[in-house]
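Start at 1 with the first residue, then count along the sequence.
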Amino acid sequence: MGRHAPTIKIREEDRATPERWSRSKTVSAYQHERAIMILESAAGVAVNEIAKQWNTYPNKVIVWRNRYQKDGLSGLRDKPRKGRPKIYKDLTERLLKRISDPPPHGYARWDAPLLSADLQVSDDAIWRALKE
């Protein structure tokens, strides 16, 4: 007979949040998935069954169970990632402020290359800021 993971207990003060996340259409897919993993673990569903339902590995379910048990709801959020920090802080605000100014002499309107040169960022950064 296989091993069974112990059933986790959801704290009473926490229960409403994962239930809301599991029904919500506005939370990220990651939060939705993690909430359901926690709720089903608390209901006694086996780790392998949860992993099969979400087409993932059992270890992923175990990681989120352990993080919830250790850190509560804050453990279900992404941790800061390693790597270079964003260098375009406040770009959207700077971009909107700049667009409200008239374009340089000789131009009828602002465009991405003109904005990127003026704000000293890449064209790609301008497009990403506009999509936000």
Side-chain angles (χ1 to χ4, degrees):
M1 186 167 192
R3 294 179 4 180
H4 290 80
T7 303
I8 65 169
K9 293 189 189 244
I10 297 180
R11 299 172 189 107
E12 272 311 308
E13 62 271 14
D14 291 349
R15 182 165 288 284
T17 303
E19 287 175 354
R20 186 176 25 124
W21 288 352
S22 70
R23 294 186 307 267
S24 178
K25 302 289 184 203
T26 57
V27 297
S28 72
Y30 297 117
Q31 278 184 300
H32 176 79
E33 178 183 81
R34 294 166 191 169
I36 291 176
M37 286 180 184
I38 295 305
L39 290 169
E40 290 187 352
S41 291
V45 179
V47 169
N48 287 335
E49 290 300 316
I50 298 170
K52 191 181 293 185
Q53 175 185 347
W54 287 99
N55 196 25
T56 190
Y57 298 100
N59 287 350
K60 183 177 179 182
V61 178
I62 292 169
V63 164
W64 292 113
R65 286 168 46 100
N66 291 342
R67 282 193 44 188
Y68 173 75
Q69 287 181 317
K70 182 179 176 221
D71 300 325
L73 291 175
S74 63
L76 298 181
R77 300 196 187 281
D78 287 332
K79 290 182 179 177
R81 296 178 184 256
K82 295 179 181 178
R84 184 176 174 185
K86 288 184 177 182
I87 58 172
Y88 303 120
K89 293 181 179 171
D90 307 322
L91 178 60
T92 304
E93 292 173 17
R94 291 178 20 216
L95 181 62
L96 293 173
K97 183 177 177 186
R98 184 42 110 189
I99 288 175
S100 65
D101 294 338
H105 182 69
Y107 293 92
R109 62 184 174 83
W110 288 102
D111 59 8
L114 190 58
L115 285 166
S116 66
D118 188 69
L119 296 173
Q120 297 178 347
V121 296
S122 68
D123 290 354
D124 187 51
I126 296 294
W127 287 111
R128 288 177 193 237
L130 290 172
K131 287 182 182 180
E132 289 182 351

Is there a donor-acceptor contact under 3.5 Å from the side chain of S116 to the main chain of P113?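 Such a contact is found between S116 side chain and P113 backbone.
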Measure the spacing between [atom1] of [X] and [atom2] of [Y] and express it to the nearest 0.5 Å.
X	Y	atom1	atom2	result
E93	L91	CD	CG	10.0 Å
L95	D118	CG	CG	10.0 Å
L115	I99	CG	CD1	5.0 Å
K60	R34	NZ	CZ	7.5 Å
I36	S41	CD1	OG	11.5 Å
E19	L39	CD	CG	6.0 Å

Run the side chain to side chain contact (heavy atoms under 4.5 Å, CB included) check on V47 and R65 step by step: do they pass? CA-CA 9 Å; V47 169; R65 286 168 46 100; 4.0 Å; yes
Could you check K70 against N66 for side chain to side chain contact (heavy atoms under 4.5 Å, CB included), going step by step and ending with a plain yes or no? CA-CA 6 Å; K70 182 179 176 221; N66 291 342; over 6 Å; no
H32 vs K25 side-chain heavy atoms within contact, under 4.5 Å: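 With C-beta onward as the side chain, the pair stays apart.
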T56 and E33, any side-chain heavy atoms less than 4.5 Å apart: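 With C-beta onward as the side chain, the pair stays apart.
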Mind checking side-chain contact (heavy atoms from CB on, under 4.5 Å) for D71 and listing every partner two or more places apart, or none if nothing turns up?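 Testing D71 for side-chain contact (heavy atoms from CB on, under 4.5 Å), a comparison that skips the adjacent residues, returns S74.
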Steps toward side chain to side chain contact (heavy atoms under 4.5 Å, CB included) verdict (R94, V121): CA-CA 11 Å; R94 291 178 20 216; V121 296; 4.2 Å; yes
Would you say Y30 and L73 are hydrophobically clustered, going by side-chain heavy atoms of ILVMFWY under 4.5 Å?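 The answer is no; the residues belong to distinct hydrophobic clusters.
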Determine whether W127 and L119 fall in the same hydrophobic cluster, where Ile, Leu, Val, Met, Phe, Trp and Tyr are linked whenever their side-chain heavy atoms lie under 4.5 Å apart.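 In one cluster: yes.
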Which is it for Y68 and R11 under the side chain to side chain contact (heavy atoms under 4.5 Å, CB included) test, yes or no, and what are the steps along the way? CA-CA 10 Å; Y68 173 75; R11 299 172 189 107; 3.9 Å; yes
Please report the shortest heavy-atom distance between P104 and W110, naming the atom on each side.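 Nearest pair, atom of P104 first, then W110: CD-CH2, 3.7 Å.
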Of all the heavy-atom pairs spanning A35 and W21, show the shortest one and how long it is.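 It is CB-CB, 3.7 Å.
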Check whether more than 12 heavy atoms from other residues, nucleotides or ligands sit under 6.0 Å from atom CD of E12, and answer yes or no.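 No - once you tally the heavy atoms of other residues, nucleotides and ligands closer than 6.0 Å, there are 12 at most.
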